[in-house]
Each structure stands twice: as structure tokens, then as C-alpha cells.
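A quick write-up on the structure given underneath.
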Amino acid sequence: MADYPDALINCRELFDAPETKSWASSVTGRTCENTVFSASLYLPGDYSLPHDDCVQTPSGSRQVAFVWHLTKGWDVGWGGALYWCPAHRYIQPSFNTLYIFNVSPQSVHLVTQVNHEAKAKRLTINGWWLGPDTQTGESCPATTTFLGNSALQAY
């Protein structure tokens, strides 16, 4: 966190605030205790492979993921969409839209490749709220290939 600018440190504090974690717990039905926070900038050629976010840490298991889109002036032809595999849905980069979802083996997603002609910055604040592993009723294996139904909520 020492390398983060003040605005990003303040943002992390907002996502880690008791009121925010309480709100996330109330809308997801998951216990949100600890916060893992990062920011992403996808440049031309960047993408992410399919993954489900299932990770267990000494501080708890990832329970709820958040992705706050902060992209202005994005053209759909530039790629960089969040692809939600369970619903076969492309979610285009946008400005000031927060997506949250319960982490499970079914929450498989990826980011499509950013086109080399992209002229805007694809920015997100993203992370997870951690909680006890026993609450989900489903374990997150190290790898998974199931692409079943799972809920993605926009706020």
C-alpha cells in the first residue's frame, strides 16, 4: 500500500470500512470480514484468462468479489469486456459501475483482450472480501471447469 497514491489508499479504506462490509454482507448473504484490494489498468494487448477467484488465505477465503469500473469514453470495438461465463454475457467497460458476486467454482469470468487501437484507459478497482470458508457450503478447488449458473449483480 505504500506505493499507492493517497486517493487509492482512501478508496481502499472505503471498501474496508465496517459499513461497506456490512452492506456487502447484507446483499450477498456472505460474511465479509477482511478486504483484499487492488487496481487494474488493462493496456492494449492485455487480457485475463478464465478463472473463478477461489482462493483460501490465512485471513480467510474469498467470499465476495468486487469490480468497480472507472473507464470513461470506451468504444465496444476496443475489447476489454468482462466476460461472465455462467450467463455468456459481455459486460463492457463503463464509468462508475460496481459489480459484485459471490465467489464459487461457478463464478468463472475473464477479461477479453484490449485492442491495440484502444484510446482510453480501461481502469478498475477490484478485490475481495474474505470470510470463513465454512459458510459457503461449497469448497473452492484449486482448479475448476464448471461453467454453471451464478449471479452477478450491478450497483
Side-chain angles (χ1 to χ4, degrees), residues 1-43 46-72 74 80-87 89-112 114 120-155:
M1 291 289 298
D3 294 337
Y4 283 0
D6 289 343
L8 209 50
I9 292 170
N10 293 339
C11 186
R12 190 223 181 269
E13 291 171 355
L14 175 67
F15 276 91
D16 196 39
E19 299 84 358
T20 304
K21 293 185 286 189
S22 176
W23 169 81
S25 293
S26 71
V27 298
T28 64
R30 299 272 184 97
T31 301
C32 299
E33 295 174 346
N34 300 308
T35 306
V36 176
F37 178 88
S38 65
S40 297
L41 167 63
Y42 281 76
L43 299 172
D46 289 347
Y47 62 93
S48 72
L49 295 172
H51 60 282
D52 59 18
D53 286 353
C54 289
V55 172
Q56 298 168 344
T57 74
S59 300
S61 296
R62 291 178 178 174
Q63 294 298 320
V64 178
F66 57 85
V67 181
W68 184 17
H69 282 242
L70 296 171
T71 302
K72 291 183 177 180
W74 195 259
L82 172 65
Y83 182 72
W84 188 248
C85 297
R89 180 177 171 207
Y90 290 93
I91 300 161
Q92 300 302 326
S94 58
F95 182 71
N96 203 25
T97 305
L98 176 67
Y99 291 96
I100 65 171
F101 58 90
N102 287 344
V103 174
S104 77
Q106 293 78 36
S107 62
V108 179
H109 57 284
L110 58 95
V111 174
T112 63
V114 175
K121 294 179 181 178
R122 189 205 183 275
L123 299 170
T124 61
I125 299 293
N126 43 267
W128 303 269
W129 287 295
L130 309 179
D133 188 44
T134 56
Q135 70 181 339
T136 65
E138 57 185 318
S139 65
C140 284
T143 59
T144 184
T145 55
F146 179 75
L147 301 180
N149 292 329
S150 190
L152 178 73
Q153 303 174 32
Y155 294 92

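Note that CG of Leu110 and CG of Leu82 are 7.5 Å apart. Values are rounded to the nearest 0.5 Å. Here the straight-line distance linking atom CG of Asp52 with atom OG of Ser104 works out to 7.5 Å at 0.5 Å rounding. The CG atom of Asp16 sits 4.0 Å away from atom NZ of Lys21, with the distance rounded to the nearest 0.5 Å. Residue His69 holds its NE2 atom at 11.0 Å from CH2 of Trp74, rounded to the nearest 0.5 Å. For the atom pair CG (Leu123) and OH (Tyr42), the distance works out to 11.5 Å, reported to the nearest 0.5 Å. To the nearest 0.5 angstrom, Thr71 atom OG1 is 9.0 Å from Leu41 atom CG.
Nearest heavy atom pair, residue Val111 against residue Gly80, reads CG1-O, 3.8 Å. Scanning both residues, Thr31 and Gln63, for their nearest heavy atoms gives O-CG, 3.8 Å.
For Ala81, the side chain to side chain contact (heavy atoms under 4.5 Å, CB included) partners are Tyr90, Gln92, Thr112, not counting sequence neighbours. With sequence neighbours excluded, no residue forms a ring pair (Phe, Tyr, Trp, His ring centres under 6.0 Å) with Phe95. For the salt bridge (Lys or Arg N to Asp or Glu O under 4.0 Å) test, no residue two or more places apart in sequence or in another chain qualifies with Asp46.
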Next item on the list: Just do the side chain to side chain contact (heavy atoms under 4.5 Å, CB included) check on Ile100 and Trp23 with the steps written out, would you?
Entry: CA-CA 12 Å; Ile100 65 171; Trp23 169 81; 4.1 Å; yes

Margin query: One pair to check against side chain to side chain contact (heavy atoms under 4.5 Å, CB included): Val108 and Asp53. What are the steps and the verdict?
Written below: CA-CA 8 Å; Val108 179; Asp53 286 353; over 6 Å; no

Next item on the list: List the steps and the verdict of side chain to side chain contact (heavy atoms under 4.5 Å, CB included) for Asn102 and Arg30.
Entry: CA-CA 8 Å; Asn102 287 344; Arg30 299 272 184 97; 3.4 Å; yes

Note to self: I'd like to know whether Phe37 forms a side chain to side chain contact (heavy atoms under 4.5 Å, CB included) with Cys11, so could you lay out the CA-CA distance, the side-chain angles of the two residues, the decisive distance to 0.1 Å, and finally the verdict.
What the structure shows: CA-CA 9 Å; Phe37 178 88; Cys11 186; 4.0 Å; yes

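Remark: aromatic rings of Tyr99 and Trp84 are distant, center separation not under 6.0 Å.
Because its NZ or CZ atom is both nearer than 6.0 Å to the ring centre of Trp128 and within 45° of the ring axis, Arg62 counts as a cation-pi partner of that residue.
No side-chain heavy atom of Leu98 sits under 4.5 Å from any side-chain heavy atom of Val67. For the pair Val114 and Leu43, the minimum side-chain heavy-atom distance is 4.5 Å or more. Side chains of Ser107 and Pro86 form no contact here, defined as non-hydrogen atoms less than 4.5 Å apart.
Ring-plane geometry between His109 and Phe101 is classed as perpendicular, the angle between the planes exceeding 60 degrees on a 0 to 90 degree scale with a lower cut at 30.
The residue from Asn34, Val36, Thr20, Val103 that alone fulfils the side chain to side chain contact (heavy atoms under 4.5 Å, CB included) condition with Trp129 is Thr20.
Between the side chain of Arg12 and the main chain of Thr35, a donor-acceptor pair closer than 3.5 Å is present.
Side-chain contact, Ser94 with Thr97: a donor N or O sits under 3.5 Å from an acceptor N or O. A side-chain donor-acceptor contact under 3.5 Å links Thr124 and Asn126.
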